[in-house]
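Let me begin by presenting the structure, written as structure tokens, before commenting on it.
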Amino acid sequence: MIYNQYFKLYNWGRVANGAYVPGIDQVPGSIYYKNIPDPVNSGRTILDIKGIDEILQARPAGYTELPFAVSWYSLNNESASYEPRNDIKWSFRGFINYNNASSVSPTDPLRYLCPYPSKVITDHRGAIQNYYGFNF
């Protein structure tokens, strides 16, 4: 999932900025949000977000616009090319990043993100491995 999410962010940013990526026709360039009253807890509000899973042609009335996928790429002044923002380039605590994305496999162990407690390892009788010696 992490591997796929990295490439989804990467490719959505490219498409939102005009690049062609096979299989991705449109992405939400902006999302829209506003606080609405919580119907269950009076005195509280809920953040209502529109536009993540749908392409909206215009800002809904009363909502604030926030750049979404279009903001994931920016112009690198040195190379004069568009690149992912640094927080996308270096996401996921080092598992996958701008420098190693072509060599990381979806089956690589996630040593930084998901170390298993030793009880989980023993309960699964070897079906799960605790990579890189994490024990807690």
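Given the structure is predicted, the values throughout are model-derived calculations rather than measurements.
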Treat each ILVMFWY residue as a node, draw an edge where side-chain heavy atoms are under 4.5 Å apart, and state whether Ile49 and Phe68 are in one component.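 Both belong to a single hydrophobic cluster.
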
For the pair Tyr10 and Tyr73, name the ring-plane relationship: parallel under 30°, tilted 30 to 60°, perpendicular over 60°.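 It falls in the perpendicular class, over 60°.
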
I would like to know whether Tyr32 and Asp48 meet side-chain hydrogen bond (donor to acceptor under 3.5 Å, both in side chains); could you show each step before the answer? CA-CA 8 Å; Tyr32 307 92; Asp48 185 35; over 6 Å; no

Without swapping roles, check the side chain of Arg59 against the backbone of Tyr63 for a donor-acceptor pair under 3.5 Å. yes

Look at the side chain of Asp38 and the backbone N and O of Ile46, then say whether any donor-acceptor pair between them is shorter than 3.5 Å. no

Minimum side-chain heavy-atom gap Lys50-Leu56 below 4.5 Å: yes

4.5 Å side-chain heavy-atom contact, Glu54 and Pro28: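 No. Closest side-chain heavy atoms not under 4.5 Å.
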
Rounded to the nearest 0.5 Å, what separates atom CG in Leu47 from atom OH in Tyr33? 8.0 Å

At what distance, to the nearest 0.5 angstrom, does OH of Tyr20 lie from CZ of Arg14?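 The OH atom of Tyr20 sits 11.0 Å away from the CZ atom of Arg14.
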
For a side-chain contact (heavy atoms from CB on, under 4.5 Å) check, start with the C-alpha distance between Asn17 and Val70, then their side-chain angles and the critical distance, and finish with the verdict. CA-CA 6 Å; Asn17 284 285; Val70 74; 3.7 Å; yes

Closest approach of [X] and [Y], non-hydrogen atoms and distance?
| X | Y | value |
| --- | --- | --- |
| Ile52 | Trp12 | O-CH2, 4.4 Å |
| Val27 | Ile55 | C-CD1, 3.3 Å |
| Ile24 | Asn11 | CD1-CB, 3.6 Å |
| Ser30 | Pro67 | OG-CA, 3.9 Å |

